[in-house]
Colleague: 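Quick one: the structure is below, and I'll ask about it shortly.
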Amino acid sequence: MEEKRIGVYICWCGSNIAKMIDVGRIAKETQKFSNVVMARDYKYMCSDPGQETLISDIKKYKLNRIVVAACSPRLHEPTFRKALEQAGMNPYLFQMANIREQDSWVHIDREYATLKALSLIKAAVSRVYHHKPLEKRSVEVNPATLIIGGGISGISAALEIANAGKQVYLVEKSDALGGITARLDLSFPFLESVRQMLKPKIQQVQAHKLIDVFLNPTFEDITGYVGNFKSKIRQNGPEKELLFGNIIVATGLQAFNPEVIPEYGYGKLPDVITSLEMEEMLMRGNVITSNGKEPENIAIIHCVGSRNSKYHPYCSRTCCSTALKYANQLRSMLPDSNIYELYADMRTFGKGCEEFYSDSSRRKILFLMFDQEEGLPNISKAPQNDSSEMIINMHEKLSGEEIEIPADMVILMTAMEAQNDAKDIARLTGISLCSNDFYIEKHPKLDPVATTTDGVYIVGTCQSPKDIVESIAQAKAAAARVLASIAVVNMEVEVTTAHVNEDVCCGCQTCIMVCPYTAIHFDEEKKVSVVNEALCKGCGTCGSTCPTGAIESRHFTDIQILSQIEGLLKSEKESI
Amino acid sequence: MSKETKNKPKLKLAIYWGAACGGCCISVLDVHEKLFDVVAVADLVFWPIALDVKYADVEAMENGFIDVTLYNGAVRNSENEHMAKLLRQKSKILIAYGSCAHLGGIPGLANFHNKEEIFERVYHTSESTVNKERVEPVTSYKVAEGTLSLPEFFNDVRALDQVVDVDYYLPGCPPQTERFVEVFMAIVTNASLPPNGSVVGATEKAQCDECQRKKTDNKRIKQFKRLVEVIDDGETCFLEQGIICMGPATRSGCGYRCIEGNSPCQGCYGPPSTSPDPGAKMMSAIATMIDSNDPDEIIKIVEQIEDPAGTFYRFSLPGSILRRKLIETQT
Ligand SMILES: Cc1cc2nc3c(=O)[nH]c(=O)nc-3n(C[C@H](O)[C@H](O)[C@H](O)COP(=O)(O)OP(=O)(O)OC[C@H]3O[C@@H](n4cnc5c(N)ncnc54)[C@H](O)[C@@H]3O)c2cc1C
Ligand code: SF4
Ligand code: SF4
Ligand code: SF4
Ligand code: SF4
Ligand code: SF4
């Protein structure tokens with residue numbers, strides 16, 4: 001076995017580290033650890049001269065393992081790995097000890113902080129001793145893209161990519177494109193016709209040479225990994241194999257079913273309708289009650305199934321503006337009607353929407369507030385001789401009074417919720433769901449359309465409730481990400497993957513179902529499990545699950561982690 | 001028997017029990033008529049269960065006089081420790097024989113308590129005890145005739161290799177007799193032995209590899225059951241029926257005798273060399289099988305596991321990373 005020659009570099013980070021940790025003393029102590037050939041402290045390790053010292057030491061002292069004790073590896077691990085590469089070393093023969101965020105910044109006793117730094121360095125030294133070189137790998141990116149969901153989000157992404165000259169496969173589970181958007185009459189806040197906006201887009205998609213649309217198809221499991229996905233699809237005809245490099249998930253939303261809310265009587269009272277049913281009436285152009293009359297009293301109830309711990313905790317975001325949209329449309333169509341908006345909070349964010357609200361309040365619309373915690377408005381059938389069909393009883397929050405509202409028609413602003421089959425799509429594409437079953441983005445702020453699975457993007461309302469503008473913005477953002485990845489041609493993939501030792505694997509198959517990226521399969525012939533390393537993200541789940549220890553998580557092997565722990569706990573003694 | 005082995009000088013064999021149940025010694029006797037093969041090539045120089053050879057006789061032997069010692073049982077008291085050290089000195093090859101010597105075994109479960117707790121239970125609170133004077137064993141006691149002594153009871157149970165260097169491990173509770181004969185004959189015939197420190201008489205693969213039960217990747221457990229609570233179909237993997245089987249965390253070599261007897265593996269053959277702590281490994285594997293995402297439900301499911309510590313560490317506590325339960329001592 002090669003002799004391990006470890007170099008340890010202790011950074012002052014100006015005074016950030018040096019003021020709380022005795023860096024000089026640490027360098028001296030560290031020098032005594034076995035296998036440590038060189039230990040230095042330096043003012044700024046990440047600076048050019050800092051890195052140059054590291055590089056020249058590697059050559060001069062024939063170092064083959066490096067520890068830098070400095071800031072968080074999130075910040076500078078890539079910097080030092082590059083420096084190692086420049087010195088001709090494999091970048092994985094490196095370990096960082098975080099003595100800034102985890103030490104100097106959070107302690108006030110210099111002696112203890114110094115001892116802690118020593119322990120952290122000892123842990124890193126013990127670990128790096130067992131590091132193995134890992135080889136970088138890259139894959140060629142297939143320039144085609146699969147888009148799942150043909151709503152406005154999927155359509156927008158498809159056009160963006162196809163117009164840049166790249167192939168798109170657009171898969172829509174219903175028998176028409178357009179999604180929910182196709183079921184809308186006008187759009188808030190400017191009340192333009194949705195159909196006029198959507199129709200030309202759908203026509204462009206259908207005519208585009210580079211977009212293959214599959215309506216109502218059956219398609220098989222997606223296999224493969226970023227750059228090289230594969231699936232089989234059938235749409236009344238022979239099965240077709242699809243190859244693609246990226247996936248955009250645009251499966252949208254479904255409307256909440258308000259039958260489960262007893263107070264609203266949906267399904268029992270014929271004139272209690274949902275927002276989508278309202279859209280249908282508006283598109284047809286006549287708003288009438290179940291007995292064919294124009295409604296005199298119309299109530300619109302907000303937050304149906306939203307912002308309520310019993311149903312969905314979140315805000316569906318577009319219903320307040322949509323409710324105002326109805327109030328305005330109805331006011332124009334039925335000038336003599338009484339229109340009541342029963343809201344819990346008015347949330348009309350977005351360009352032009354607050355103005356839309358203040359304009360509406362001048363159009364003879366009565367706004368009444370309720371508090372979901374204190375009880376929902378209750379709808380009941382009015383007595384026989386009453387002038388209206390229904391009565392709504394509610395506690396009006398602003399006046400503090402119990403009031404009765406007559407109603408001939410009630411519109412429920414139902415929540416937007418995740419599709420029933422969101423879990424299946426998540427499994428199919430290897431992405432995760434949040435507690436509300438919306439797909440989770442890679443980073444909530446910095447990476448909103450990517451997912452933790454490389455090559456899979458999420459756009460539109462499948463990620464969270466949003467309006468058309470926001471959906472389109474996301475679709476175009478994901479299209480840009482996809483086009484960028486295609487432009488790279490060869491893409492680097494994870495190297496810290498899992499690997500099954502066939503001599504140990506007993507074939508129990510415990511590992512298979514835990515892999516969130518479906519990277520493991522069972523080899524029936526050899527009777528062992530096999531990791532597809534191109535799919536593996538190195539999450540480590542299978543490694544900690546495997547009861548035999550057959551799975552090695554590269555760069556996080558048992559011996560590496562146990563040595564690190566041992567180093568941490570045995571800092572006063574030698575532990576390698 | 002071949003000529004070669006016949007004409008060779010006989011091997012000197014010793015068998016000793018530390019903190020043991022006696023089962024390991026019986027497993028050697030289980031060789032039945034093969035015992036004649038063994039004694040044809042080996043002289044038994046020390047075997048407390050069968051021969052009247054005193055400790056003093058062992059002490060009188062020259063260092064390295066014994067060729068092979070099978071030490072079964074854990075190290076629980078000063079007598080076990082003394083004999084382990086003595087036999088190490090006197091033996092060319094020292095084999096940790098059986099689960100107790102290998103990883104601490106059943107006696108090792110005492111590491112979930114300490115000496116004080118054990119004495120309290122055994123000498124005071126156990127249902128069959130009347131001990132008003134609170135008499136407890138002491139290491140030396142003066143009587144008119146002189147001083148009596150007893151070995152010291154340690155706080156910890158240790159596996160053999162936590163006391164002396166061990167050449168080979170032959171796991172099992174007790175080891176499968178055929179495996180013992182194979183290993184023994186390999187020594188006799190000078191067949192190439194694996195490197196020092198190896199586990200012999202067992203394979204690197206876990207039980208599931210040999211187990212004939214049908215297994216899939218669908219190991220989802222909503223309810224943990226004891227064997228008496230299911231009608232075992234005799235075919236489906238125990239885990240897939242909700243019965244804890246230590247098979248995936250246990251080396252094979254026993255000939256999957258428990259499973260073949262329609263009882264899940266208890267884990268006596270210990271873990272493969274890639275697994276430093278079979279209990280922890282098995283617990284993380286089991287944890288992933290629990291079929292629920294609801295924290296309250298998960299707690300309920302986990303609570304169905306009878307005696308988890310004893311189930312997952314039945315044979316391996318002292319030899320695991322865990323080693324023992326941490327017991328707060330007053331300072
Ligand atoms: C009543 C109502 C009124 C609204 N009014 C407005 C408004 O005035 N202005 C505004 O900006 N926004 C409005 N919205 C919001 C708007 O509808 C959404 O922002 C928009 O529809 C989101 O588009 P999408 O493509 O992300 O999802 P969707 O429109 O839901 O489209 C998703 C598509 O994916 C398909 N799909 C789903 N699952 C699969 C699968 N497994 N395989 C293949 N295909 C699948 C679906 O069939 C559907 O065609 C309103 C919403 C509602 C409910
Ligand atoms: S969990 Fe481990 S032993 Fe079981 S099949 Fe997977 S790799 Fe093999
Ligand atoms: S480390 Fe294991 S569980 Fe995680 S992605 Fe890779 S194969 Fe799957
Ligand atoms: S290993 Fe089993 S049979 Fe052998 S002594 Fe220990 S308990 Fe008894
Ligand atoms: S877990 Fe037990 S029953 Fe299931 S395959 Fe493994 S050894 Fe056989
Ligand atoms: S099946 Fe398990 S418990 Fe039973 S003998 Fe074999 S190793 Fe021991």
Side-chain angles (χ1 to χ4, degrees), chain A residues 130 423 426-427 432-437 498-516 518-531 539-553 557-566 569-570, chain B residues 199 202-221 237-240 244-253 256 259 264-265 267 269-291 293-295 312 316 320-321:
Chain A
H130 297 285
K423 275 201 181 70
R427 178 87 191 153
S432 323
L433 300 173
C434 72
S435 55
N436 299 315
D437 279 1
H499 172 80
V500 177
N501 180 347
E502 293 185 359
D503 295 335
V504 178
C505 171
C506 68
C508 68
Q509 303 170 48
T510 312
C511 52
I512 294 179
M513 66 177 185
V514 303
C515 176
T518 48
I520 312 179
H521 72 273
F522 190 62
D523 181 332
E524 289 290 348
E525 226 148 81
K526 291 189 183 161
K527 300 273 178 239
V528 294
S529 285
V530 181
V531 173
C539 72
T541 313
C542 60
S544 46
T545 298
C546 171
T548 64
I551 297 186
E552 177 191 77
S553 305
T557 61
D558 282 354
I559 179 87
Q560 287 167 354
I561 293 170
L562 291 174
S563 308
Q564 189 173 16
I565 296 171
E566 212 168 66
L569 301 178
K570 274 200 199 165
Chain B
V199 170
T203 73
E204 252 320 305
K205 291 226 181 194
Q207 297 289 346
C208 311
D209 182 51
E210 286 185 359
C211 172
Q212 298 299 313
R213 291 196 169 228
K214 276 195 228 102
K215 47 200 161 281
T216 66
D217 60 0
N218 189 25
K219 294 186 168 43
R220 286 171 219 276
I221 301 179
C237 165
F238 281 117
L239 283 171
E240 286 164 39
I244 294 179
C245 175
M246 284 293 285
T250 308
R251 274 176 201 274
S252 49
Y256 57 106
I259 301 155
C265 170
Y269 262 61
S273 54
T274 39
S275 149
D277 190 317
K281 280 278 178 204
M282 197 59 200
M283 280 190 279
S284 25
I286 290 276
T288 62
M289 297 175 196
I290 294 172
D291 189 14
N293 285 325
D294 168 22
F312 297 115
S316 64
S320 69
I321 295 178

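Bear in mind that the values here come from a model prediction, so they are computed numbers and not experimental data. Note on naming: letters A, B, ... go to the chains in the order of the sequence lines (proteins, then strands), and numbering restarts at 1 for each one.
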Colleague: Which one of A:C546, A:G549, A:A550 has the most heavy-atom pairs closer than 4.5 Å to chain B?
Modeller: A:G549

Colleague: Pairs of donor and acceptor atoms involving the side chains of residues 499-508 of chain A, under 3.5 Å and at least two apart or interchain, shall be tabulated with distances.
Modeller:
from   : atom 1 : to     : atom 2 : distance (Å)
A:H499 : ND1    : A:E533 : OE2    : 3.4
A:H499 : ND1    : A:R554 : NH2    : 3.4
A:N501 : OD1    : A:D503 : N      : 3.0
A:E502 : OE2    : A:K526 : NZ     : 3.3

Colleague: Please collect all side chain to side chain donor-acceptor pair (under 3.5 Å) contacts where either partner lies in residues 539-549 of chain A, sequence neighbours excluded, each pair once.
Modeller: none

Colleague: Check side chain to side chain contact (heavy atoms under 4.5 Å, CB included) between B:P271 and all other residues, then give those that pass, not counting sequence neighbours.
Modeller: B:L103, B:S275, B:P278

Colleague: Could you tell me if the side chain of A:T510 sits less than 4.5 Å from the side chain of B:M282, heavy atoms only?
Modeller: no

Colleague: Could you go through B:M289 and A:V514, starting from their C-alpha distance and side-chain angles, then the distance that decides it, and tell me whether this counts as side chain to side chain contact (heavy atoms under 4.5 Å, CB included)?
Modeller: CA-CA 9 Å; B:M289 297 175 196; A:V514 303; over 6 Å; no

Colleague: Which bit of B:I321 comes within less than 4.5 Å of chain A, counting heavy atoms only: side chain, backbone, both or neither?
Modeller: side chain

Colleague: Could you look at A:L562 and say if it's the side chain, the backbone, both or neither that has a heavy atom under 4.5 Å from chain B?
Modeller: side chain

Colleague: Quick one: are A:M513 and B:T216 in side-chain contact, heavy atoms under 4.5 Å?
Modeller: no

Colleague: Count the heavy atoms of every other residue, nucleotide or ligand shown that sit under 6.0 Å from CG of B:N293, and state whether that count exceeds 12.
Modeller: no

Colleague: Are there residues of residues 208-215 of chain B that reach to under 4.5 Å of chain A by heavy atoms, and which ones?
Modeller: B:C208, B:D209, B:K215

